[in-house]
Amino acid sequence: MKLRRPRPFLTATISGALVLGALAGCSTAAAETTSGTSSTGTTTTISDVATTTDDALADNEDYTDLAALADETWDTSDETTVSLDGDSATVSGDGATADGSTVTISAPGTYRISGTLDDGQVVVSSEADGLVRLVLDGADITSSTGSAIAVTQADDVSVVLADGSANSLTDAATYEDTGEDAPNAALFSADSMVISGTGSLEVTGSSNDGIASKDGLVIAGGDITVTAVDDGVRGKDFLVVTDGTLDVDAEGDGLKADNEDGTNDDGETVGYAALLGGTVTVASGDDGVHAESDLVVDGATVTVSESVEGLEAAHILVASGTVDVTSSDDGFNAAGGTSTTTDGAATDGTTTTDDTAADTGTGQDSAAQPPADGEAPTGGEPPTSGTMPDGQPPQGGGGAGGGGGMPGEAAGDFSLVITGGDVTVDAGGDGLDSNGTLTVSGGDVTVFGPTDGGNGTLDSAGALTVDGGTLLAVGTSSMLQTPGDGSEGWVSATFDTLGAGTELTVVDSSGNVVAEVTLARDTQSVVLASADVTAGDTYTVRADGTEVTSVTAGEAG
């Protein structure tokens with residue numbers, strides 16, 4: 001995990017505060033406050049978190065005008081035709097010129113690009129106000145010097161994948177221009193860009209990113225495949241997917257919104273990602289989907305098949321859709337900026353680049369590397385499940401709203417909220433991790449957590465509240481965290497290790513199955529929160545039909 005520069009985060013509020021519950025993971029004491037210190041050094045009420053997409057995006061830079069460009073129609077008779085042919089190109093119409101294998105577009109308008117360019121570029125440099133629309137209609141462009149398509153200046157850019165067309169863009173492995181503001185992706189835009197249509201696009205980022213915008217980026221359609229040696233698809237101010245199919249294989253982050261400024265000149269939040277439709281599949285060497293501020297999933301089908309951390313942002317909301325995450329570290333990680341220790345001392349997690357530092361992901365940022373799997377952090381071993389360190393409150397529910405994370409840490413202005421959808425996590429680190437609050441109020445959530453003792457299946461520095469939907473979490477018994485006050489009925493149990501492939505069931509006193517799951521990895525605990533669980537009743541955990549243990553709902557097992 002990575003450190004983030006301190007920056008302001010705007011959090012949309014809702015009417016009524018979320019109830020903060022009681023819990024303890026590896027915290028030093030039950031927290032008595034619902035506030036944390038944000039990256040600006042101001043106190044914020046971390047219970048006021050957005051539970052709808054409209055609320056989550058209310059203060060963010062608007063993407064809708066850009067997305068609407070995808071629905072615009074035009075007169076095809078007004079198009080300028082760009083024909084590519086090996087090492088040359090010809091232009092028929094206004095606004096563009098061809099010089100050998102370089103096509104330069106210098107004015108707003110619609111440009112239909114077809115053919116193959118073995119070694120060349122399409123460059124957009126348009127100073128005038130107005131939309132530059134690039135209709136890719138069987139375009140195959142490869143460059144040995146830089147981007148295949150480089151938008152260096154434009155008002156807005158719309159890339160349309162023509163119906164039935166197959167298109168391909170491949171950039172150079174080494175760019176001739178490596179300046180700070182130079183293009184650095186196979187499909188690059190210095191200004192806002194929307195991609196739409198019903199055709200296909202294959203993008204290969206041989207030097208850095210696959211698709212990148214230094215402003216906002218909207219994917220509104222198309223069948224898009226991206227392979228990149230760094231980030232797959234990147235929008236600086238925002239990255240929004242509303243439709244289409246996006247398949248990304250990236251050695252860095254899969255999808256990324258990386259503006260660290262916090263807000264733009266108008267005070268709107270930037271650095272956010274929203275997956276609002278379509279199908280997104282990611283295999284990444286770092287984060288599957290990363291946003292500096294907000295990350296919203298509502299209506300999309302998202303599969304992160306390989307990642308270090310699956311979904312990461314300061315504020316994460318899953319409102320609907322399907323999310324399936326596989327990660328070697330945290331599955332979901334709500335983190336970033338600066339948090340505050342319980343003694344009031346600020347911990348400033350700053351670094352010059354977000355690719356060179358590590359984040360503990362356990363309640364606050366730290367310049368130190370996290371402990372290796374199975375190793376204890378400095379200061380002693382984590383408590384064994386069902387026990388507590390000297391002078392610490394016991395794990396589990398009850399009491400006055402504690403939190404997870406490492407000793408000495410307090411909740412910051414971060415949130416992980418699931419209000420609907422179907423969520424599955426298979427994590428080598430923390431399954432669901434929030435450096436602030438963690439709330440489930442709807443949906444069906446299944447977490448296969450870690451096997452080592454240095455992580456937790458559920459890990460929140462603030463309150464863990466489950467007041468709707470179903471949460472089923474299985475994994476290590478270390479750092480066991482259970483729902484707190486305001487939650488629906490829950491069951492927590494620990495037991496001797498059960499092997500992967502075991503059919504684990506939780507049954508009530510009448511023998512009715514209230515939850516069942518096939519274990520994806522070795523498991524020592526189960527936490528179930530569901531409307532089907534009644535506090536005070538007895539529940540039995542079975543492995544392949546054989547009783548493992550019986551527990552009382554509402555008591556940490």
Side-chain angles (χ1 to χ4, degrees), residues 74 76 78-107 109-126 132-152 154 157-177 182-189 193-213 219 221-229 232-233 244-249:
W74 66 93
T76 57
D78 293 334
E79 293 179 348
T80 293
T81 301
V82 179
S83 300
L84 311 177
D85 186 11
D87 59 358
S88 64
T90 57
V91 174
S92 178
D94 299 327
T97 59
D99 181 6
S101 61
T102 299
V103 176
T104 301
I105 296 171
S106 57
T110 299
Y111 303 84
R112 186 172 294 268
I113 305 172
S114 304
T116 298
L117 207 55
D118 295 328
D119 183 8
Q121 285 184 301
V122 172
V123 178
V124 177
S125 179
S126 174
V132 174
R133 181 183 292 111
L134 306 178
V135 182
L136 302 186
D137 190 1
D140 184 347
I141 305 172
T142 300
S143 175
S144 66
T145 59
S147 302
I149 295 179
V151 180
T152 59
V157 179
S158 175
V159 177
V160 181
L161 308 178
D163 186 20
S165 69
N167 306 278
S168 177
L169 303 175
T170 303
D171 68 350
T174 302
Y175 280 32
E176 289 184 350
D177 185 355
N184 61 354
L187 173 54
F188 172 86
S189 179
M193 178 170 62
V194 57
I195 303 174
S196 64
T198 57
S200 68
L201 175 63
E202 183 175 348
V203 179
T204 302
S206 306
S207 173
N208 194 48
D209 300 339
I211 301 173
S213 168
I219 308 292
D223 184 356
I224 303 171
T225 302
V226 179
T227 303
V229 299
V233 180
T245 300
L246 183 59
D247 190 341
V248 177
D249 188 340

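Residue numbers run from 1 in the order of the sequence given.
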Worksheet entry | Between CD1 on residue Ile224 and CD1 on residue Ile219, distance to nearest 0.5 Å | 4.5 Å
Discussion item. Please determine whether side-chain hydrogen bond (donor to acceptor under 3.5 Å, both in side chains) holds for the pair Asp137 and Ser165, giving the CA-CA distance in whole Å, both sets of side-chain angles, and the decisive distance to 0.1 Å.
Written reply: CA-CA 5 Å; Asp137 190 1; Ser165 69; 4.6 Å; no
Discussion item. For Ile105, run the side chain to side chain contact (heavy atoms under 4.5 Å, CB included) check against Val91, Val151, Leu134 and tell me which one passes.
Written reply: Leu134
Worksheet item: Atom OG of Ser88 and atom CG of Asp118: how far apart are they, to the nearest 0.5 Å?
Response: 9.5 Å
Worksheet item: More than 12 non-hydrogen atoms from neighbouring residues, nucleotides or ligands closer than 6.0 Å to CG on Asp99, yes or no?
Response: no
Worksheet item: Looking at CG of Asp247 and OG of Ser200, how far apart are the two atoms once the value is rounded to the nearest 0.5 Å?
Response: 12.5 Å
Worksheet entry | Polar side-chain atom of Thr80 near backbone of Asp94 as donor-acceptor pair, under 3.5 Å | yes
Discussion item. Rounded to the nearest 0.5 Å, what separates atom CG in Leu187 from atom OG in Ser147?
Written reply: 8.0 Å
Worksheet item: Can a donor-acceptor pair be found between the side chains of Asp119 and Ser101 at a distance below 3.5 Å?
Response: no
Discussion item. Please check: side-chain N/O of Ser143 versus main-chain N/O of Asp171, any donor-acceptor pairing under 3.5 Å?
Written reply: no
Discussion item. Are Leu161 and Asp223 packed together at the side-chain level, in the sense that at least one heavy-atom pair is separated by less than 4.5 angstrom?
Written reply: no
Response to the item:
Between Val160 and Ser158, the two heavy atoms sitting closest are CG2-OG, 3.7 Å
Worksheet item: How far does CZ of Arg112 sit from OG of Ser83, to the nearest 0.5 angstrom?
Response: 11.0 Å
Worksheet item: Would you say the side chain of Val122 lies within less than 4.5 Å of the side chain of Val82, judging by non-hydrogen atoms?
Response: no
Discussion item. Closer than 3.5 angstrom, by distance alone: can the side chain of Thr152 be matched with the main-chain N or O of Val124 as a donor-acceptor pair?
Written reply: yes
Discussion item. Less than 4.5 Å apart, side chain to side chain, heavy atoms only: is that true for Trp74 and Val135?
Written reply: yes
Worksheet entry | Atom of Ala172, atom of Ser207 and distance for their closest heavy-atom approach | O-CB, 3.1 Å
Worksheet, complete the sentence: For Ser213, the side chain to side chain contact (heavy atoms under 4.5 Å, CB included) test, sequence neighbours excluded, returns Asp215, Leu217
Worksheet item: Roughly how far apart are Ile149 CD1 and Phe188 CZ, rounded to 0.5 Å?
Response: 13.0 Å
Fill in: Crowding at CD, Glu202 (>12 non-hydrogen neighbours, <6.0 Å)
no
Worksheet item: Partners of Ala139 by side chain to side chain contact (heavy atoms under 4.5 Å, CB included), sequence neighbours excluded?
Response: Ile113, Leu136, Asn167
Worksheet entry | Donor-acceptor pair between Thr198 and Asp163 side chains, under 3.5 angstrom | yes
Worksheet item: Between Leu201 and Ser168, what is the shortest heavy-atom contact and its length?
Response: CD1-N, 4.3 Å
Worksheet, complete the sentence: Scanning both residues in full, the closest heavy-atom pair of Gly146 with Tyr175 reads C-CZ, 3.6 Å
